[in-house]
Peer 1: 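Pasting in a structure now, in structure tokens, and then I'll have a few things to ask.
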Amino acid sequence: MNLGTIRTLAASFAQDPNITRYTSARYNQAINLANQQFAMDTRALWKDSSSTVVDGTATYSLPSDFMWEDWVTLANLPLIPISRYRIQEVSKTNDWTLDKGTPTHYIIDPEEAQKKIRLYPIPQSDDASKTVVMRYFPLPATLSSDTDTPMNSSALMSQFHMGLAAFAAWTLLLSEQSTPQIVEKRNELLKVYTDAVNKATETFRNTVSAPLRLRPIK
């Protein structure tokens, strides 16, 4: 399905088949929210990015759609994630930001002002021109045209589009007065979404070491 067909399905779920209670723009906004939330809840989408190491340069830009990293390698050897706090804890007598050598660890600085991956220690001439590869989970592209397909147009994700429509309708119904009927409808829609998330997680198993299975609605 594409944005147009998902909007039609979301409107049906919201019992608004003629799209008169909510505008098309609000449906599109809700579908984009669902698109992003599904990517965050499942981590079923992934990409690879690479950078060439420069002598004396520790930091490299993260992709603009970066959410979380999965793994990082340098010349096909794994780097170990570490926090600034942990490095400072073991480097109390020296300034760790000046440590030099072949990188063994990495730090992610995803804040808006940074968006960097930092190699530790600082690579030198022996590591220049080596390749850093990062597999990461991206934030999916925003849907704007009715022909746009969710989840970065991945054909593998098409089986979960109904879950996106259900989440979009659930989001819109949050603005309604919480009558028993509305609450029941919201619970039904959230269960459709939750089932899609769990199926995607179990199918792709990208987070097998830290499963993201959601609790079903009772």
Side-chain angles (χ1 to χ4, degrees), residues 1-47 63-70 110 112 135-208 210-218:
M1 288 188 280
N2 54 33
L3 175 60
T5 53
I6 291 176
R7 184 173 62 244
T8 298
L9 181 57
S12 177
F13 280 154
Q15 299 177 328
D16 179 29
N18 296 320
I19 309 183
T20 54
R21 191 160 77 248
Y22 312 110
T23 65
S24 293
R26 285 193 65 187
Y27 276 106
N28 291 354
Q29 183 181 43
I31 293 167
N32 272 298
L33 177 62
N35 192 34
Q36 295 177 1
Q37 191 64 49
F38 191 82
M40 289 187 283
D41 286 339
T42 64
R43 303 189 188 185
L45 281 183
W46 55 268
K47 288 183 177 181
S64 60
D65 58 353
F66 175 89
M67 288 200 297
W68 302 285
E69 84 281 7
D70 188 3
E112 196 65 30
R135 177 157 295 176
Y136 71 99
F137 303 109
L139 191 68
T142 299
L143 308 171
S144 55
S145 170
D146 277 2
T147 57
D148 289 345
T149 304
M151 300 296 284
N152 288 353
S153 300
S154 170
L156 293 174
M157 297 295 112
S158 60
Q159 60 191 302
F160 308 118
H161 288 178
M162 183 176 292
L164 302 186
F167 188 90
W170 174 82
T171 300
L172 291 169
L173 288 179
L174 288 175
S175 64
E176 299 288 341
Q177 183 178 359
S178 293
T179 64
Q181 293 80 9
I182 289 294
V183 170
E184 181 180 3
K185 184 64 177 178
R186 287 201 303 248
N187 287 341
E188 291 173 355
L189 292 170
L190 195 57
K191 185 180 186 304
V192 173
Y193 174 75
T194 299
D195 287 346
V197 167
N198 290 335
K199 182 179 179 182
T201 303
E202 292 166 0
T203 298
F204 296 103
R205 306 292 284 176
N206 277 331
T207 53
V208 65
L212 294 173
R213 185 173 180 86
L214 301 182
R215 182 175 298 174
I217 300 297
K218 294 181 180 180

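Just so it is clear, the values below take in all heavy atoms, side chains as well, and ignore hydrogens, waters and symmetry mates. In this chain, residues are counted from 1 in sequence order.
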Peer 1: Counting C-beta onward and ignoring hydrogens, is there a side-chain heavy-atom pair between Y193 and D41 closer than 4.5 Å?
Peer 2: yes

Peer 1: Show your reasoning for whether side chain to side chain contact (heavy atoms under 4.5 Å, CB included) applies to W68 and M40.
Peer 2: CA-CA 9 Å; W68 302 285; M40 289 187 283; 3.9 Å; yes

Peer 1: Any heavy-atom pair between the side chains of M157 and N152 that's under 4.5 Å?
Peer 2: no

Peer 1: Who passes ring-ring contact (aromatic ring centres under 6.0 Å, His included) against F13, sequence neighbours left out?
Peer 2: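 F13 satisfies ring-ring contact (aromatic ring centres under 6.0 Å, His included) with no other residue.
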
Peer 1: Give the intermediate values and the outcome of side chain to side chain contact (heavy atoms under 4.5 Å, CB included) for residues V197 and F38.
Peer 2: CA-CA 7 Å; V197 167; F38 191 82; 3.8 Å; yes

Peer 1: Please check if the side chain of N187 supplies one atom and the backbone of E184 the other of a donor-acceptor pair under 3.5 Å.
Peer 2: no

Peer 1: Are any of the side-chain nitrogens in K199 or D195 under 4.0 Å away from the carboxylate oxygens of its partner?
Peer 2: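 Answer for the salt bridge query: no.
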
Peer 1: Tell me if a side-chain donor or acceptor on N35 pairs with a main-chain N or O of M151 at a distance below 3.5 Å.
Peer 2: yes

Peer 1: Quick check for you: to the nearest 0.5 Å, what is the distance between L190 atom CG and F167 atom CZ?
Peer 2: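 Here the interatomic distance stands at 7.5 Å.
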
Peer 1: Shortest non-hydrogen contact from W46 to P138?
Peer 2: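 It is CA-CD, 3.7 Å.
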
Peer 1: With a 4.0 Å cut-off, would you call D146 and R7 a salt bridge?
Peer 2: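 A salt bridge is present here (some side-chain N lies under 4.0 Å from a carboxylate O).
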
Peer 1: Would the number of heavy atoms belonging to other residues, nucleotides or ligands and lying under 6.0 Å from CD of Q29 be above 12?
Peer 2: no

Peer 1: Keeping the roles fixed (side chain from R186, backbone from L173), state whether a donor-acceptor pair exists under 3.5 Å.
Peer 2: yes

Peer 1: Any donor-acceptor pair under 3.5 Å linking the side chain of N32 with the backbone of N28?
Peer 2: yes

Peer 1: Set out, in order, the CA-CA distance, both residues' side-chain angles and the distance that settles side chain to side chain contact (heavy atoms under 4.5 Å, CB included) for M67 and Y136, then state yes or no.
Peer 2: CA-CA 7 Å; M67 288 200 297; Y136 71 99; over 6 Å; no

Peer 1: Hey, does D65 have a side-chain heavy atom less than 4.5 Å from the side chain of K47?
Peer 2: yes

Peer 1: Would T201 and N198 count as having a side-chain donor-acceptor pair, cut-off 3.5 Å?
Peer 2: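 No, no side-chain donor-acceptor pair sits under 3.5 Å.
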
Peer 1: Which distance, rounded to the nearest 0.5 Å, do you find between the OG1 of T171 and the OH of Y27?
Peer 2: 11.5 Å

Peer 1: Does any N or O in the side chain of T8 come within less than 3.5 Å of the main-chain N or O of G4, such that one atom is a donor and the other an acceptor?
Peer 2: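 At least one qualifying donor-acceptor pair exists.
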
Peer 1: Enter the distance from I31:CD1 to R26:CZ here, rounded to the nearest 0.5 Å.
Peer 2: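 So the gap between those two atoms works out to 12.5 Å.
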
Peer 1: For the CG atom of L143 and the CD1 atom of I6, what is their distance to the nearest 0.5 Å?
Peer 2: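 One gets 7.0 Å once the value is rounded to the nearest 0.5 Å.
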
Peer 1: Salt bridge check: are K185 and E176 linked by an N-O gap of less than 4.0 Å?
Peer 2: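 Salt bridge flag = no for E176 with K185.
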
